[in-house]
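Below is one structure, written out as structure tokens; comments come after it.
Side chains are part of it too, since the values below use all heavy atoms of this structure and drop only hydrogens, waters and symmetry mates.
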Amino acid sequence: TYQQHQAQILMQKGVMLLDPSRFDLRGSVNVGRDVSIDINVIINGTCTIGDRVVIGAGCILTDVTIAADSIIAPYSVLEKCEIGHQVMIGPFARIRPGSQLMDQVHIGNFVEVKNSHIGTASKANHLSYIGDATIGSGCNIGAGTITCNYDGANKHRTHLGDNVFIGSNNSLVAPITLHNNTTTGAG
């Protein structure tokens, strides 16, 4: 009964719940206009969802802020992070605590981001791990790329400047800095 009541309140605010009986609010949410939420979405903690945001089926959001016009594709998990305008995430992506994705970032399928800042219009479209990193604007992270942020005793940061192109299957062993306009090959 409580969940149905929460769904009704959101729909009265203009949220489109594709199936109100399969929506789970376990905290509080502030919503903008024309938000669309698919089935089996769970919202935990305190979340803010901007105008025209689309949340795909099976997503779990915990203490997140999502700016306008962003799309969270199905089965993505976001926790304690900030998402900018026109960001595309997923499907099957995980954004962990301490992450900040600026405007127009693309985080694709099976990409995990932890405690990282990703600059405007940068993208990691598939099969990557980005942990403890600062990534500039306009960067491309190739498929299979990981940041090796832990040496067995301490965590270190990876720094990428603007317009850095990382080829597929790269291991960026931190601490490392790649300056603006750097390109790496595959492997």
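- Counting only distance, with no hydrogens or angles, the side chain of Gln3 and the backbone of Leu25 share a donor-acceptor pair below 3.5 Å.
- Using a 4.5 Å heavy-atom threshold, the side chains of Ile66 and Ile55 count as touching.
- Ile43 is listed as a side-chain neighbour of Ile49, based on a closest heavy-atom distance under 4.5 Å.
- Grouping the Ile, Leu, Val, Met, Phe, Trp and Tyr side chains by contacts below 4.5 angstrom, directly or via other members, places Phe110 with Tyr75.
- Inter-residue side-chain proximity for His117 and Met102 is flagged as met; some heavy-atom pair is nearer than 4.5 Å.
- Panel note: side chain Ser122, backbone Cys139; a donor-acceptor pair is recorded below 3.5 Å.
- Neither Tyr150 nor Val173 shares a network with the other; the hydrophobic side chains, linked directly or stepwise wherever heavy atoms of I, L, V, M, F, W or Y lie under 4.5 Å apart, form separate groups for each.
- At least one donor-acceptor pair closer than 3.5 Å links the side chain of Asp103 to the backbone N or O of His85.
- A continuous path of ILVMFWY side-chain contacts below 4.5 Å connects Leu61 to Leu10, so both sit in one hydrophobic cluster.
- Rounding to the nearest 0.5 Å places CZ of Phe165 at 7.5 Å from OG1 of Thr184.
- Under a 3.5 Å cut-off, the side chain of Arg157 and the backbone N or O of Ala133 do form a donor-acceptor pair.
- Annotation for Lys114: atom NZ counts as buried by contact number, over 12 foreign heavy atoms lying within 6.0 Å.
- No side-chain donor-acceptor contact under 3.5 Å links Thr145 and Asn170.
- Considering OG1 of Thr183 and CG of Asn163, their distance stands at 9.5 Å, rounded to 0.5 Å.
- Judged by distance alone, the side chain of Asn180 and the main-chain N or O of Asp162 form a donor-acceptor pair under 3.5 Å.
- At distances below 3.5 Å, at least one donor-acceptor pair connects side-chain atoms of Ser70 with backbone N or O atoms of Val87.
- In this structure, Thr62 contributes its side chain and Lys80 its backbone to no donor-acceptor pair below 3.5 Å.
- Taking both residues in full, the closest heavy atoms of Asn125 and His106 are given as OD1-CB, 3.6 Å, listed atom of the first, atom of the second, then distance.
- Summarising the geometry of Gly84 relative to Ala67, their closest heavy-atom pair is C-CB, 3.4 Å, with the distance given to 0.1 Å.
- Hydrophobic clustering places Val29 together with Val53 (ILVMFWY residues linked when any side-chain heavy atoms are closer than 4.5 Å, directly or through intermediates).
- Clustering ILVMFWY residues whenever any of their side-chain heavy atoms sit less than 4.5 angstrom apart, transitively, puts Val113 in a cluster other than the one holding Leu127.
- The CG atom of Asn40 sits 11.0 Å away from atom CG of Leu18, with the distance rounded to the nearest 0.5 Å.
- Under the side chain to side chain donor-acceptor pair (under 3.5 Å) test applied with Asp132, the options Thr147, Asn115, Thr158 reduce to a single match, Asn115.
- For the residue pair His179 and Val164, the shortest heavy atom distance occurs at O-CG2, 3.4 Å.
- Atom CE of residue Met88 and atom CD1 of residue Ile71 lie 5.0 Å apart, to the nearest 0.5 angstrom.
- How far SG of Cys59 is from CD1 of Ile39: 11.0 Å, rounded to the nearest 0.5 Å.
- In this structure, Ile95 CD1 and Ile107 CD1 are separated by 5.5 Å, a value rounded to the nearest 0.5 Å.
- The side-chain heavy atoms of Ile72 and Val41, taken from C-beta on, include no pair separated by under 4.5 Å.
- Side-chain contact between Ile141 and Val111 is absent, with no heavy atoms from C-beta onward closer than 4.5 Å.
- Ala73 and Pro91 get closest at one heavy-atom pair: CB-N, 3.4 Å.
- Using a distance-only test at 3.5 Å, with no hydrogens or angles considered, a donor-acceptor pair links the side chain of Asp63 to the main chain of Thr46.
- Between Thr1 and His5 the shortest side-chain heavy-atom distance does not fall below 4.5 Å.
- You'll find the side chain of Cys148 reaches within 4.5 Å of the side chain of Ile146, heavy atoms only.
- Look at Asp34 and Arg52 and you find no salt bridge, because none of the NZ, NE, NH1 or NH2 atoms lies under 4.0 Å from a carboxylate O.
- Across all their heavy atoms, Gly142 and Ser128 have their closest contact at O-OG, 3.2 Å.
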* Steps toward side-chain contact (heavy atoms from CB on, under 4.5 Å) verdict (Ile83, Val64) -> CA-CA 8 Å; Ile83 309 301; Val64 300; 5.6 Å; no
